[in-house]
Student: 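Quick one: this structure, given as structure tokens, is what I'll be asking you about.
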Amino acid sequence: MAKHAVEANFDGLVGPTHNYAGLSWGNVASKSNVNAVSNPREAALQGLAKMKRLADRGYVQGILPPHERPHIPSLKALGFSGTDAQILAQAAKSSPSVLAAVSSASSMWTANAATVSPSSDTTDHRVHFTPANLSAKFHRSIEHTVTGRSLKSIFADEAYFAHHPALPLGSHFGDEGAANHTRLCGRYGEPGVELFVYGQVAFNERAPAPKRYPARQTLEASQAIARLHGLRDKNLVFAQQNPASIDAGVFHNDVIAVGNGNTLFYHSMAFLNEEQILADIRSRLIGADFEAVRVSSEDVPLNDAVASYLFNSQLLNTPDGMLLAVPGECREVASVSQYLDKLLAAGGPITAVEVFDVKQSMRNGGGPACLRLRVVLNDEELQAMHRGVILTDRLYERLTTWVGAHYRDRLAREDLADPMLLDEVRKALDELTGILALGSIYDFQL
Ligand code: SUG
């Protein structure tokens with residue numbers, strides 16, 4: 001008998017160095033907002049407000065902590081030396097782009113933190129975690145060590161949870177985590193279909209691939225994760241993302257598709273072999289009829305989907321159907337707003353749409369779905385995990401006060417070299433690990 005399970009969402013708490021550095025070639029928003037002045041305080045509060053609204057609805061809402069940035073160990077590994085202040089000054093003078101990269105608050109997008117397989121899918125009946133190596137972008141490739149420490153600290157009990165190291169670095173095994181992984185199922189506690197979406201086959205140069213922008217995820221990486229997690233072939237689908245969509249700015253599958261339960265909500269340009277993929281999912285899904293909600297280019301042109309982040313929404317179960325939690329930009333793009341009205345009138349599986357304001361994150365290409373990592377947990381696993389990171393009213397109050405005390409409301413490129421900023425970050429994070437009772441996870445704490 002399937003155990004009762006829920007989908008818990010772990011949002012990345014936006015870090016104090018949130019800024020716009022234009023680091024992600026292929027991510028349209030990141031490039032178009034380069035050097036805009038950011039507001040880290042507002043960004044963190046927007047993220048917390050989203051978490052609170054969902055927690056108030058009864059969803060299990062967790063938090064993953066931000067990372068230490070600027071990351072001095074990375075600068076040391078690149079040959080900068082001296083005191084922390086000297087290192088920052090040297091980097092700012094000779095390699096400002098490198099300083100920007102090691103200062104990014106990009107760990108907030110926890111859909112890229114890891115791939116997670118629930119215990120009902122895995123052969124050893126444990127929940128499996130693999131932090132994403134994020135090889136495609138230097139600023140993100142330095143995330144997996146601390147992400148792994150956080151996940152191990154939260155999901156510590158080895159009787160229930162299994163942790164793998166990130167895949168070997170390098171473009172052949174480029175892995176972007178749950179942003180390219182969707183699980184479809186009947187009930188959460190039943191075995192599901194794990195849909196891995198990749199941009200490119202690494203070991204075959206003649207296979208279809210994008211021409212303009214990089215494909216960040218390879219088939220070989222997805223296959224490795226499936227092996228590590230002990231997934232069964234009958235529960236697996238590997239699907240290639242349409243290279244034309246990557247070239248239009250869809251740098252992760254979660255910018256063009258989102259799935260939950262028996263429903264896949266996707267754009268007609270999402271997949272290379274759409275019919276085959278749908279048939280594969282349909283034949284593997286047990287305990288429910290597969291619902292494919294397809295959005296055509298006539299309804300929503302691909303560029304509008306990218307600009308609005310329609311598909312980077314959270315699709316959540318409610319007692320009366322599914323709720324689509326969309327970014328505010330969806331109501332600002334005419335075709336998308338009209339489509340949403342039509343979707344609700346159509347009477348399909350998606351029965352409600354709600355708007356969430358995460359503008360600070362959106363300007364770097366991160367919508368509501370980028371900000372969360374989904375972890376399906378049965379009742380025992382939920383009890384076994386560290387509960388200090390689950391959002392309660394009290395924790396929300398403590399975190400908003402903490403943000404108010406430690407975060408700046410303005411950050412520009414030149415501020416990244418300010419040694420005071422590094423001190424502020426460390427002080428804030430040291431306090432945060434106390435609030436969340438996580439133990440020591442940062443390099444400066446070890
Ligand atoms: O990896 N942006 C992130 C956005 C990640 C969105 N995540 C998902 N789709 N799941 C990225 O491109 C921009 C940082 C900057 O330019 O300052 C950035 O890293």
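For ligands, and for the atoms within them, numbers begin at 1 and follow the listed sequence.
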Student: Check whether the side chains of E42 and Q360 place a donor and an acceptor atom closer than 3.5 Å, and report yes or no.
Tutor: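 Yes, Q360 and E42 have a side-chain donor paired with an acceptor closer than 3.5 Å.
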Student: With a 4.0 Å heavy-atom cut-off (strictly under), which part of L134 contacts ligand 1: side chain, backbone, both or neither?
Tutor: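 Neither part.
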Student: Are any side-chain N or O atoms of S245 and backbone N or O atoms of Q241, one a donor and one an acceptor, separated by less than 3.5 Å?
Tutor: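 The answer is no, because no donor-acceptor pair under 3.5 Å joins these two groups.
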Student: Tell me the protein heavy atom at minimum distance from atom 18 (C) of ligand 1, and give that distance in Å.
Tutor: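 That would be S24 OG, 3.4 Å.
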Student: Of the protein's non-hydrogen atoms, which lies at the shortest distance from atom 5 (C) of ligand 1, and what is that distance?
Tutor: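 That would be R140 NH1, 3.5 Å.
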Student: Any nitrogen or oxygen of A21, side chain or backbone, less than 3.5 Å from one on ligand 1?
Tutor: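 Yes, at least one N or O pair falls under 3.5 Å.
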Student: Got the closest protein heavy atom to atom 13 (C) of ligand 1, with its distance?
Tutor: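 Atom 13 (C) of ligand 1 sits closest to the protein heavy atom N364 OD1, 3.6 Å.
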Student: Determine whether any heavy atom of H139 lies closer than 4.0 Å to an atom of ligand 1.
Tutor: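 It does, in that a heavy atom of H139 comes within the 4.0 Å cut-off of ligand 1.
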Student: What part of R372, side chain, backbone, both or neither, has a heavy atom within less than 4.0 angstrom of ligand 1?
Tutor: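 No part of R372 comes within reach of ligand 1.
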Student: Relative to the heavy atoms of R216, which atoms of ligand 1 are at a distance of less than 4.0 Å?
Tutor: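 Counting atoms of ligand 1 from 1, those under 4.0 Å from R216 are 1 (O), 11 (C), 12 (O).
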Student: Using a strict 4.0 Å cut-off to heavy atoms of G365, name the atoms of ligand 1 that fall inside it.
Tutor: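 Near G365, meaning under 4.0 Å from one of its heavy atoms, ligand 1 has 4 (C), 6 (C).
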Student: Could you tell me whether some N/O pair between S106 and ligand 1 is separated by less than 3.5 angstrom?
Tutor: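 In this structure, S106 places no N or O atom under 3.5 Å from an N or O of ligand 1.
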Student: Could you tell me if any non-hydrogen atom of N19 lies under 4.0 Å from any atom of ligand 1?
Tutor: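 Judged by the 4.0 Å heavy-atom criterion, N19 does count as contacting ligand 1.
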Student: If only atom types and distance count, is the side chain of S104 paired as donor or acceptor with the main-chain N or O of A101 below 3.5 Å?
Tutor: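 Pair absent, no side-chain N/O of S104 close to backbone of A101.
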Student: Is Y20 close to ligand 1, meaning an N/O of one under 3.5 Å from an N/O of the other?
Tutor: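 Checking ligand 1 against Y20, no N or O pair falls under 3.5 Å apart.
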Student: For K31, state whether at least one heavy atom is located under 4.0 Å from any atom of ligand 1.
Tutor: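 No, that is not the case, since the closest heavy atom of the residue is not under 4.0 Å from the ligand.
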Student: To check your reading of the model: name the closest protein heavy atom to atom 8 (C) of ligand 1, its residue, and the distance in Å.
Tutor: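 Protein heavy atom at minimum distance: C370 SG, 2.8 Å.
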Student: Is the centre of the H229 ring less than 6.0 Å from the centre of the H164 ring?
Tutor: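 So the answer is yes for these two rings.
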Student: So if I count the atoms of ligand 1 from 1 in the order they appear, which ones are less than 4.0 Å from some heavy atom of H252?
Tutor: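 Reading through ligand 1 atom by atom, the close ones are 7 (N), 8 (C), 9 (N), 10 (N).
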Student: Below 4.0 angstrom from a heavy atom of A179, which ligand 1 atoms are there? Numbered from 1 as shown, please.
Tutor: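 Those of ligand 1 that fall under 4.0 Å from A179 are 10 (N).
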Student: Would you please indicate yes or no on a ring centroid separation below 6.0 angstrom for F265 and H267?
Tutor: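 Ring centroids of H267 and F265 are no less than 6.0 Å from each other.
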Student: Would Y266 and F311 count as a close aromatic pair, with their ring centres under 6.0 Å?
Tutor: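 That pair fails the under 6.0 Å test.
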Student: Quick check, are the ring centers of Y407 and W402 under 6.0 angstrom apart?
Tutor: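 Yes: the rings meet the under 6.0 Å criterion.
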Student: Out of the candidates K427, E431, E424, only one should pair with H406 under the side-chain hydrogen bond (donor to acceptor under 3.5 Å, both in side chains) rule; please name it.
Tutor: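 Output: one option passes, namely E431.
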Student: Consider every N or O of S30 and every N or O of ligand 1, then say whether any pair is closer than 3.5 Å.
Tutor: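 So ligand 1 has an N or O lying under 3.5 Å from an N or O of S30.
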Student: In the protein, what heavy atom is nearest to atom 10 (N) of ligand 1, and what distance, to one decimal place, separates them?
Tutor: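 Of the protein heavy atoms, D254 OD2, 2.8 Å lies nearest.
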Student: Provide the number and element of each atom of ligand 1 under 4.0 Å from a heavy atom of A111.
Tutor: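 Counting atoms of ligand 1 from 1, those under 4.0 Å from A111 are 10 (N).
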Student: Is it the case that R126 places NZ or CZ above or below the six-membered ring of F161, under 6.0 angstrom from the centre and within 45 degrees of the axis?
Tutor: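 No, R126 and F161 do not form such a contact.
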Student: Ring centres under 6.0 Å, that's the criterion: do F155 and F129 meet it?
Tutor: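 Ring centres of F129 and F155 closer than 6.0 Å.
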Student: So, is F251 polar-close to ligand 1, with some N/O to N/O distance under 3.5 Å?
Tutor: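 No.
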Student: Can you confirm, on distance only, whether ligand 1 has an N/O atom lying under 3.5 Å from any N/O atom belonging to G22?
Tutor: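 There is such a contact, yes.
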Student: Between H172 and F203, is the ring centre distance below 6.0 Å?
Tutor: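 Yes: the rings meet the under 6.0 Å criterion.
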Student: Kindly determine whether Q445 and D443 satisfy side-chain hydrogen bond (donor to acceptor under 3.5 Å, both in side chains), including the steps that lead there.
Tutor: CA-CA 5 Å; Q445 292 176 318; D443 293 325; over 6 Å; no
Student: Does K31, at its NZ atom, have more than 12 non-hydrogen atoms belonging to other residues, nucleotides or ligands within less than 6.0 Å?
Tutor: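 Yes, the 6.0 Å shell around NZ holds more than 12 heavy atoms from other groups.
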Student: Regarding ligand 1, does E176 bring an N or O atom to under 3.5 Å of one of the ligand's N or O atoms?
Tutor: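 No; the residue has no nitrogen or oxygen that sits under 3.5 Å from a nitrogen or oxygen of the ligand.
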